[in-house]
Amino acid sequence: MTEYSTVCPRNCYSTCSFKVVTENGRIAAIRPHAANLATPEGPCLKGLAYVERANSADRLLYPLRKVGNGQFERVSWGEAFDLLTNRLRKYRDESGPHSVMFFAASGMSGLLNGVATNFWKLFGGATTTYGNLCWPAGLEATRLTLGANLHNDPWDLVNARLIVLWGKNPAETNVQQMLHIAKAQETGARLMVVDPRRTASSDRAQWLVQIKPGTDAALALGLANELIRQGLTNKKFIETHVLGFDSFAERVKNYQPEKVAAVCGIPAKSIPMLAEIIGTTAPMTLVPGYGMQRFSNGGQTIRALLALSVITGNIGIAGGCWHYANLQSYVFDALKEPENYYPGTEAPCFRRAVSMARLGDDLLNLTNPAVRMIWVERGNPLTQNPDTNKVRQAFRKAEFRVVVDQFMTDTALEADLVLPAKNMFEQADLVGSYWNPYVQLRQQVTEPAGEVKPESEIYHQLASRLGFDAEATALALPSPGKENTENWLAKKLKPFDGLTLEKLKEGPVLPPTHQPIPFANGHFPTPSGKIELWSDEAARRWGVDPLPDYIPLETNHQFPLMLMSPNSKNRIHSQFGNLEVIRQFESEPVLWVNPVDASSRGLKNHDKATLFNDVAEAPVVIGLDAGIRQGGVVLTNGHWHQHGASPNLFTRGRHTDMGYGTAFHDTFVELKKRV
Ligand SMILES: Nc1nc2c(c(=O)[nH]1)N[C@H]1C(S)=C(S)[C@@H](COP(=O)(O)OP(=O)(O)OC[C@H]3O[C@@H](n4cnc5c(=O)[nH]c(N)nc54)[C@H](O)[C@@H]3O)O[C@H]1N2
Ligand SMILES: Nc1nc2c(c(=O)[nH]1)N[C@H]1C(S)=C(S)[C@@H](COP(=O)(O)OP(=O)(O)OC[C@H]3O[C@@H](n4cnc5c(=O)[nH]c(N)nc54)[C@H](O)[C@@H]3O)O[C@H]1N2
Ligand SMILES: [Mo]
């Protein structure tokens, strides 16, 4: 038995450190790692499920070639490489490198992922994506206001006297944050939650504001109006640090309690009361979630919420911060070619990009050249991108598809060639977090299972078969093998004081630039050097109002129910749900419905129903939940379409108002009994 320190590389706030035990070359146990002050008690159930996941009989271990609908046969790596080399040459020669698409998403974090882009650059280019499925509207809203996406250490929450979870459900999506919240509560801190449904997080709170989805900006502006009216703002902080307060104060006068109450569907008298709590309980940490910014008005909503932290002076102090994303550990970003780029910024000339949000439509409409081959890795766009049927149609329009994955996902089922992907224990990499401030090392602790090859090795072989320049290849890609990978990573660490592989093998390490309380020095890297409630850049770049504003969503009377598709405890998006240990908790997709909405449609608990709108329909099983606001239904995201309904059958490819995010949640549906 050997024990190693490692880090969970999933796209999740927590990015837990843990210890992994191997026995006879297999993963045998997962244990907590106390050195990470953000995640001292170890990972969640998914983390513990790595034992099953690594040893699962369903894991893909060999290259597979499609021989019929949903049927695959095993081929050798030699055959797979011949096929790949022929196809890549053919499409590049006939239609140019942009006829090949490289698609990657957030299935595995790490610095080494950057070598994929290095490969496609040497290939001569490729079609890639811009924008993101996850968090960019909120990142951009925060950057425009504060100048940077940084927040206090996760454990600083114990210093907060008021914690506001606004559209975030950490009891499911950031389990380790609940430890810090609980500690704060033990010493008297108060917890407020703003969410359209009761959640495992709101069950711990003093106040739950059950708001109508998509209306949060109106509530935030209404609360700002009350804070100003009741004289509860921090005037000194505003005078010293804030640009545009006077025009903001004028703007929020339009958001009187009665109007806000009508828009948000909450009692008018609660608004002055909530404002008083926010204005008199200091310091306050406001924790906005990412789900809430995946609306067409998401960026402006986040700007409106952030204004509450700003006008109360809860920025840059112990216990007081805007807790959106903490990119302190992303110290390697400058070293890699971005996988996504912003249209309008200087685009690396070797690639062309389509929108992540509008993947289906953009691919279907693309010409000069059309995409003939698609390569997918670390992504599952057939379940996770909006408008599944469009994405499937676009995939089928191409001539040849390659998917690199650990399991036979909905996307892999569409592939002509499926290549087995490494797991987190089979190759080392450096991993950052967007919540805790540590740089971490994922160590290689086992040999790859079966015939699995890490992507960097697949690219290395392809580079040599395609005759790329040997010197350029050596710079772009590590040579195969454990030692070469470690040497390559060690070289990347050289510029950073105190970050060495030896230290990282022991556990998480704080980067030399770590700031426990960012913005404490009053420096804000915005154009004016102040916190910008008024942002000319927001107006210029995104065409939104220079002040935060509430823009109502477009509704549709034919489809009166709003479909929410938040994340859930036992899956990371489309991962883990296929494992036995997880399936025992959630064996089929359940659509959660308020009992009043169900009974008005003649539906009872466990009934079979059809969920539909103008883009799709699918069977669901009804689960009654009186904790959901009427008018909203919930189907958690990540369900595989091959197991039944998945929410992205019903979503449309649409951008958020800033950052080229994905407005998954502007989605309206209807429900009928299945007979
Ligand atoms: N309706 C709706 N849709 C959503 C959301 C929502 O709220 N509602 N949320 C969105 C958000 S926030 C996100 S971040 C996205 C996430 O969507 P994706 O980024 O697609 O993430 P995952 O489903 O976690 O992982 C994708 C695949 O990566 C594979 N994978 C894991 N490790 C490796 C590896 O080392 N190599 C390779 N080649 N593959 C690997 C996994 O097996 C999995 O099939 O989903 C988005 N989709
Ligand atoms: N277990 C687990 N953890 C995860 C992930 C996962 O898939 N599984 N994914 C990770 C990733 S990539 C992401 S992006 C994060 C996302 O995690 P969170 O930031 O927590 O976001 P969501 O789960 O999308 O939604 C959080 C809450 O917002 C509520 N909500 C929905 N619409 C609205 C609205 O209009 N207003 C308000 N106020 N609330 C609303 C939902 O009911 C839900 O309870 O989680 C990360 N952590
Ligand atoms: Mo995400």
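Since this is a predicted model, take the numbers as computed values, not measurements. Every number for a ligand or one of its atoms is a count from 1 in the order of the listing.
The shortest N/O to N/O separation between Val404 and ligand 1 falls below 3.5 Å. Of the N or O atoms in Lys212, none lie within a sub-3.5 Å distance of an N or O in ligand 2. In terms of polar-atom proximity, defined here as any N/O pair under 3.5 Å, Lys569 does make such a contact with ligand 2. Polar contact with ligand 2: absent for His665 (N/O pair, distance under 3.5 Å). On a distance-only criterion, Lys46 and ligand 2 share at least one N/O pair closer than 3.5 Å. Residue-to-ligand polar distances keep Pro213 apart from ligand 2: every N/O pair is separated by 3.5 Å or more. In terms of N/O distances under 3.5 Å, ligand 2 is approached by Arg197. Polar contact with ligand 2: present for His573 (N/O pair, distance under 3.5 Å). Residue Gly214 has at least one nitrogen or oxygen atom sitting less than 3.5 Å from a nitrogen or oxygen atom of ligand 2, judged on distance alone. Looking at Asn380 next to ligand 1, an N or O pair under 3.5 Å apart turns up. Residue Asn385 places no N or O, backbone or side chain, under 3.5 Å from any N or O of ligand 1.
Of the listed residues (Met408, Lys422, Arg378, Gln427), the one carrying the non-hydrogen atom nearest atom 35 (O) of ligand 1 is Lys422. If you check each of Thr215, Leu553, Thr173 against atom 18 (P) of ligand 2, the one with the closest non-hydrogen atom is Thr173. Residue nearest to atom 44 (O) of ligand 1, selected from Leu382, Leu419, Asp405: Asp405 (by heavy-atom distance). Counting heavy atoms only, Pro196 comes closest to atom 40 (C) of ligand 2 of the residues Ala171, Ala325, Pro196. Of the listed residues (Gly167, Gly289, Pro566, Gly291), the one carrying the non-hydrogen atom nearest atom 26 (C) of ligand 2 is Gly167. Relative to atom 32 (N) of ligand 1, the option among Arg59, Glu377, Arg10 with the closest non-hydrogen atom is Arg10. Closest heavy-atom approach to atom 45 (O) of ligand 2 among the candidates Asn567, Asp216, Leu45, Leu305: Asn567.
At a heavy-atom cutoff of 4.0 Å, ligand 1 is contacted by no atom of Thr411, backbone or side chain. Counting heavy atoms closer than 4.0 Å to ligand 1, residue Met424 contributes nothing at all.
Residue Ser574 approaches ligand 1 through these ligand atoms, each under 4.0 Å from one of its heavy atoms: 22 (P), 23 (O). The distance from ligand 1 to the heavy atoms of Gly379 drops below 4.0 Å at these ligand atoms: 20 (O), 26 (C), 27 (C), 28 (O). For ligand 1, the atoms closer than 4.0 angstrom to any heavy atom of Cys134 are 12 (S), 14 (S).
Using a 3.5 Å distance cut-off with no hydrogens or angles, the side chains of Asn423 and Arg53 do not pair a donor with an acceptor. Using a 3.5 Å distance cut-off with no hydrogens or angles, the side chains of Asn11 and Ser106 do pair a donor with an acceptor. With 3.5 Å as the limit, one finds a donor-acceptor pair spanning the side chains of Asn637 and Asn567.
Under the 4.0 angstrom criterion for non-hydrogen atoms, Phe664 is in contact with ligand 1.
In this structure, atom 43 (C) of ligand 2 lies nearest to the protein heavy atom Asp195 OD2, 3.3 Å. Remark: minimum distance from atom 3 (N) of ligand 1 to any protein heavy atom is reached at Asn648 ND2, 3.0 Å. Nearest protein neighbour of atom 6 (C) of ligand 2, counting heavy atoms only, is Arg571 O, 3.3 Å. Of the protein's heavy atoms, Glu455 OE2, 2.6 Å lies nearest to atom 36 (N) of ligand 1.
Checked options Asp614, Asn613, Asp387, Thr662; the residue passing with Arg652 is Asp614 (criterion: side chain to side chain donor-acceptor pair (under 3.5 Å)).
Rounded to the nearest 0.5 Å, atoms NE2 (His655) and OG (Ser355) are 2.5 Å apart.
Ion pairing between a basic and an acidic side chain is recognised when a charged N comes within 4.0 Å of a carboxylate O; Glu52 and Arg583 show no such pairing.
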